[in-house]
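Structure first, commentary second.
To find a chain, count down the sequence lines: A is the first, B the second, and so on, and within it residues start at 1.
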There are 2 protein chains.
Amino acid sequence: MSKLRHSRLDCTPGCMVEATLALIDGKWKGVILSHLLEGTLRFSELRRRMPGVTQRMLTNQLRELEADGLIDRTIHAQVPPRVDYSLTERGHSLREVLDALRLWGEIHIGLFAQPKAAA
Amino acid sequence: MSKLRHSRLDCTPGCMVEATLALIDGKWKGVILSHLLEGTLRFSELRRRMPGVTQRMLTNQLRELEADGLIDRTIHAQVPPRVDYSLTERGHSLREVLDALRLWGEIHIGLFAQPKAAA
DNA sequence: CTGGATCCCGGGCGATACTG
DNA sequence: CAGTATCGCCCGGGATCCAG
């Protein structure tokens, strides 16, 4: 597991929330997972779809997602190296969570999103 | 808004996911929100319920949550100062999201990813 | 094409001390 | 009780170069 900050024994409200957050949080994981929800992608494809992320970070985040068992990394032994990334079953199971996050964002942040006004 | 890393204009898959994550992410926000879901709490009560967090960070996170319109901060003019924190309507609307996160964690982490307990 | 290794900087975050 | 102010460490993460 990448980073579970505080002891996961203090399961006061929020423990599991934090535990799950620790998996999908991380600067680019949410975006990566969202992209992979649409299907398998190779490294260069992910890069192209995420202009803002550096190659270092992309590799980094992918490794963490892999370590957390959320994505599979398939290396094809070819002269031009090729690596495919796809969601594991566990990864796919996050769809509902990601959908919940996206849905809330669309409703409560939308396009203008009053950070405090709203009320 | 506390920290929306990349332009929220590049709404490729994951944009809203990240936007929402930016609000509830942040080391302690998930836990804070979870606690406040149970009702209004004053500063010291929150501290007591979250042994691991420093006073500085707690204040910090509470301020960000307030700036994002997720919680209300009520100051009572008393000799022993007293400040109550409670969820705004917007904050309460996160319940489903937090529930989704917690539920996923309980199912996909709680069962087999446990260090020793579990099984 | 994929990704490792290095250098380096800003800031996140903890510890501590002070205030109203 | 509920913060604010200051110092300092650590590391996340960008840029760059190298390798299979």
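- Within 4.0 Å (heavy atoms only), Arg42(A) reaches sugar-phosphate atoms of the nucleic acid but no base atom.
- Of the candidate nucleotides dC1(D), dG3(D), dG14(D), dC1(D) has the atom lying nearest to any side-chain atom of Pro81(B).
- Computed from coordinates, the Leu58(A) CG to dA15(D) C1' distance equals 16 Å when rounded to whole Å.
- The shortest distance between side-chain heavy atoms of Val53(B) and Leu46(B) does not fall below 4.5 Å.
- Across Lys29(B) and Leu23(B), no two heavy atoms sit closer than the pair CD-O, 3.1 Å.
- An OP1 or OP2 oxygen of dG14(D) is reached within less than 4.0 angstrom by a side-chain nitrogen or oxygen of Lys27(A).
- Here dC1(C) presents its P atom at 9 Å from CZ of Arg47(A), a figure rounded to the nearest Å.
- Judged by distance alone, with hydrogens and angles left aside, Gln55(A) brings a side-chain donor or acceptor within reach of the base of dG4(C), the pair sitting under 3.5 Å.
- Among the protein residues, Arg63(B) comes within range of the sugar-phosphate backbone only, with heavy atoms under 4.0 Å from sugar or phosphate atoms but none that close to a base.
- Using a cut-off of 4.0 Å between Lys/Arg side-chain N and Asp/Glu carboxylate O, Lys27(B) and Glu64(B) are scored as not salt-bridged.
- Nearest-nucleotide assignment on DNA chain D puts the 5′-proximal partner with Ile75(B), out of Ile75(B) and Gln61(A).
- Residue Arg56(B) has no polar side-chain atom (N or O) positioned under 4.0 Å from OP1 or OP2 of dT6(D).
- If you take CG of Leu62(B) and C1' of dC13(C), they are 16 Å apart, rounded to a whole angstrom.
- Side-chain atoms of Met50(A) and Ile32(A), non-hydrogen and from C-beta on, do get closer than 4.5 Å to each other.
- Hydrophobic clustering (side-chain heavy atoms under 4.5 Å, transitive across Ile, Leu, Val, Met, Phe, Trp, Tyr) groups Leu70(B) together with Leu58(B).
- For Val83(A), whose side chain is taken as the heavy atoms from C-beta onward, the closest listed nucleotide among dA15(C), dT2(C), dA15(D) is dT2(C).
- Of the side-chain N and O atoms in Ser44(B), none sit less than 4.0 angstrom from OP1 or OP2 of dC1(D).
- Distance CH2 (Trp28(B)) to P (dG12(C)): 17 Å, rounded to an integer number of Å.
- Atom CZ of Phe43(A) and atom P of dG3(C) are 5 Å apart (whole Å).
- Atoms CD (Glu64(A)) and C1' (dG3(C)) sit 15 Å apart, rounded to a whole Å.
- Judged by closest nucleotide on DNA chain D, Met57(A) is the one of Val79(A) and Met57(A) placed further toward the 5' end.
- Distance Asn60(B) CG to dA15(C) P: 15 Å, rounded to the nearest Å.
- To the nearest angstrom, P of dA2(D) lies 14 Å from CE of Met50(B).
- Distances shown here put every side-chain N or O of Thr59(A) at or beyond 4.0 Å from the OP1 or OP2 atom of dG4(C).
- Contacts of Arg73(B) with the nucleic acid, taken as non-hydrogen atoms under 4.0 Å apart, involve only primed sugar atoms and P, OP1 or OP2.
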